[in-house]
K.L.:
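Structure provided below as structure tokens; questions to follow.
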Amino acid sequence: MKKSVFDLDFQNTSVESRIIASLERISQAFRVLLWQEGMEHSLSPIQVQALIFLLHHSEEKRKVSYLADEFNMTKATISDTIKSLEQKKLIKKEFDPRDTRSYVIHLTAKGKNIANKTALFAQQFLAPVEKLHNDDKQNLLLSLIEIIRHLNETDIITIQRMCFTCSYYQVSESGKKHFCKLLNQELKRTELRVDCPDHIFAKQKD
């Protein structure tokens with residue numbers, strides 16, 4: 001019988017379980033900070049996340065269908081989020097003249113202002129990470145990317161624009177050297193990206 005990572009008797013004998021429990025605590029902190037930021041601007045957490053995403057991503061990603069995949073939500077839920085943001089005059093829609101059902105979402109001046117402010121909600125995490133030794137930062141980044149890749153491959157989370165899922169990415173047989181064919185250069189572990197604007201999904205191997 002499998003044991004829960006939250007079973008304290010099991011957790012305290014398992015390093016892996018304590019790592020998962022630690023990640024869960026961190027996720028709680030993210031939720032708390034999102035709620036606090038949202039309350040300050042009368043926004044829900046998903047509305048805050050949507051504004052931040054719209055601020056930092058290109059037009060082809062600023063559509064309802066893409067946002068639904070990005071946040072693992074239904075199009076109906078994202079459409080309601082966009083509708084609320086539009087009513088608050090934080091976004092505006094640019095409709096495709098060839099298909100009036102399709103539109104790109106743009107931030108208004110007010111929306112950009114709030115997005116820039118709310119995008120700083122995770123600053124509290126920077127201080128402890130900055131204090132880590134450089135080798136520890138590299139190992140932590142690589143480990144987290146591996147976890148994200150696994151969650152992506154098992155369809156728990158969908159869209160991932162990181163090096164490991166990109167057609168430009170190559171790794172040596174030993175797994176120790178990383179190379180970007182777009183930049184035509186070897187990447188240090190600290191240069192591996194979690195969200196790359198030039199990402200192109202690699203074809204899945206049969």
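Only a predicted model underlies this, so the values are computations on that prediction, with no experimental measurement involved.
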K.L.:
Between CD1 of I114 and CD of E37, what distance do you get to the nearest 0.5 Å?
P.N.:
10.0 Å

K.L.:
Under 30°, 30 to 60°, or over 60°: which ring-plane class applies to F30 and F121, parallel, tilted or perpendicular?
P.N.:
perpendicular

K.L.:
Of K112, K93, E94, which is the lone residue that meets side-chain hydrogen bond (donor to acceptor under 3.5 Å, both in side chains) with H106?
P.N.:
E94

K.L.:
Does NZ belonging to K181 count more than 12 external heavy atoms closer than 6.0 Å?
P.N.:
yes

K.L.:
side-chain contact (heavy atoms from CB on, under 4.5 Å) between I78 and E70: does it pass, once the steps are laid out?
P.N.:
CA-CA 10 Å; I78 290 296; E70 174 72 21; over 6 Å; no

K.L.:
Give, for atom NZ of K188 and atom CG of L141, the distance between the pair rounded to the nearest 0.5 Å.
P.N.:
14.0 Å

K.L.:
State, to 0.1 Å, how close V5 and F10 come at their nearest heavy-atom pair, and which atoms those are.
P.N.:
CA-CD2, 4.4 Å

K.L.:
Kindly check if the number of other-residue, nucleotide or ligand heavy atoms within 6.0 Å of CZ (R161) is above 12?
P.N.:
yes

K.L.:
Minimum heavy-atom separation for G38 and V48, please, with both atom names.
P.N.:
CA-CG2, 3.7 Å

K.L.:
If you apply the rule side-chain hydrogen bond (donor to acceptor under 3.5 Å, both in side chains), what do you find for Q28 with E24, and how did you get there?
P.N.:
CA-CA 6 Å; Q28 284 183 11; E24 198 269 340; 3.0 Å; yes

K.L.:
Could you check whether any side-chain N or O of R62 sits under 3.5 Å from a backbone N or O of I105, counting only pairs where one atom can act as donor and the other as acceptor?
P.N.:
yes

K.L.:
Distance from L107 atom CG to L51 atom CG, nearest 0.5 Å?
P.N.:
6.0 Å

K.L.:
Determine whether K63 and V104 satisfy the following criterion, side-chain contact (heavy atoms from CB on, under 4.5 Å), listing intermediate values before the conclusion.
P.N.:
CA-CA 5 Å; K63 296 184 178 182; V104 175; 3.8 Å; yes

K.L.:
Any idea how F53 and F71 line up, ring-wise: parallel (<30°), tilted (30 to 60°), or perpendicular (>60°)?
P.N.:
perpendicular

K.L.:
Within this structure, what is the CD1-CD distance for the pair I91 and E86, rounded to the nearest 0.5 Å?
P.N.:
4.5 Å

K.L.:
For side-chain contact (heavy atoms from CB on, under 4.5 Å), just list the numbers for L85 and L43, CA-CA rounded to whole Å, side-chain angles, deciding distance to a tenth of an Å, and then say yes or no.
P.N.:
CA-CA 9 Å; L85 293 174; L43 299 168; 4.1 Å; yes

K.L.:
As an exercise, state the distance from NZ of K131 to NZ of K137, rounded to the nearest 0.5 Å.
P.N.:
11.5 Å

K.L.:
Is it true that L140 and I148 fall in one hydrophobic cluster, defined by side-chain heavy atoms closer than 4.5 Å?
P.N.:
yes

K.L.:
Give a yes or no on whether H150 atom NE2 has more than 12 heavy-atom contacts from other residues, nucleotides or ligands under 6.0 Å away.
P.N.:
no

K.L.:
Which pair of heavy atoms, one from T74 and one from T77, lies closest together, and at what distance?
P.N.:
OG1-OG1, 2.9 Å

K.L.:
How close do S42 and K88 get, counting heavy atoms only, and between which atoms?
P.N.:
O-NZ, 2.7 Å

K.L.:
Would L33 and L23 show up in the same hydrophobic cluster when neighbours are defined by side-chain heavy atoms closer than 4.5 Å?
P.N.:
no

K.L.:
Under 4.5 Å between side-chain heavy atoms, hopping through other hydrophobics if needed: is there a path connecting L142 to F179?
P.N.:
no

K.L.:
Please check: side-chain N/O of T108 versus main-chain N/O of K89, any donor-acceptor pairing under 3.5 Å?
P.N.:
yes

K.L.:
Please determine whether residues L132 and V194 belong to a single hydrophobic cluster, defined as Ile, Leu, Val, Met, Phe, Trp and Tyr linked transitively by side-chain heavy-atom distances below 4.5 Å.
P.N.:
yes

K.L.:
Do H178 and C163 touch side chain to side chain, with heavy atoms closer than 4.5 Å?
P.N.:
no

K.L.:
Please answer: with hydrophobic residues joined when any side-chain heavy atoms are less than 4.5 Å apart, are L192 and L183 in the same cluster?
P.N.:
yes

K.L.:
Is R18 reaching over with its side chain to a backbone N or O of Q11, donor-acceptor style, under 3.5 angstrom?
P.N.:
yes

K.L.:
Given side-chain contact (heavy atoms from CB on, under 4.5 Å), test L67 with T81 step by step and report yes or no.
P.N.:
CA-CA 10 Å; L67 289 171; T81 297; over 6 Å; no

K.L.:
Rounded to the nearest 0.5 Å, what's the gap from NZ on K2 to CG on D7? Could you check?
P.N.:
15.0 Å

K.L.:
Taking all non-hydrogen atoms of both residues into account, name the closest pair between N72 and I156 and its distance.
P.N.:
OD1-O, 4.0 Å

K.L.:
Does any non-hydrogen side-chain atom of E40 lie less than 4.5 Å from one of K117?
P.N.:
no

K.L.:
With a sphere of 6.0 Å drawn around CD of E146, does it hold more than 12 non-hydrogen atoms of other residues, nucleotides or ligands?
P.N.:
yes

K.L.:
Might you point out which heavy atoms bring C180 and L187 nearest each other, and give the distance in Å?
P.N.:
CB-CD1, 3.9 Å

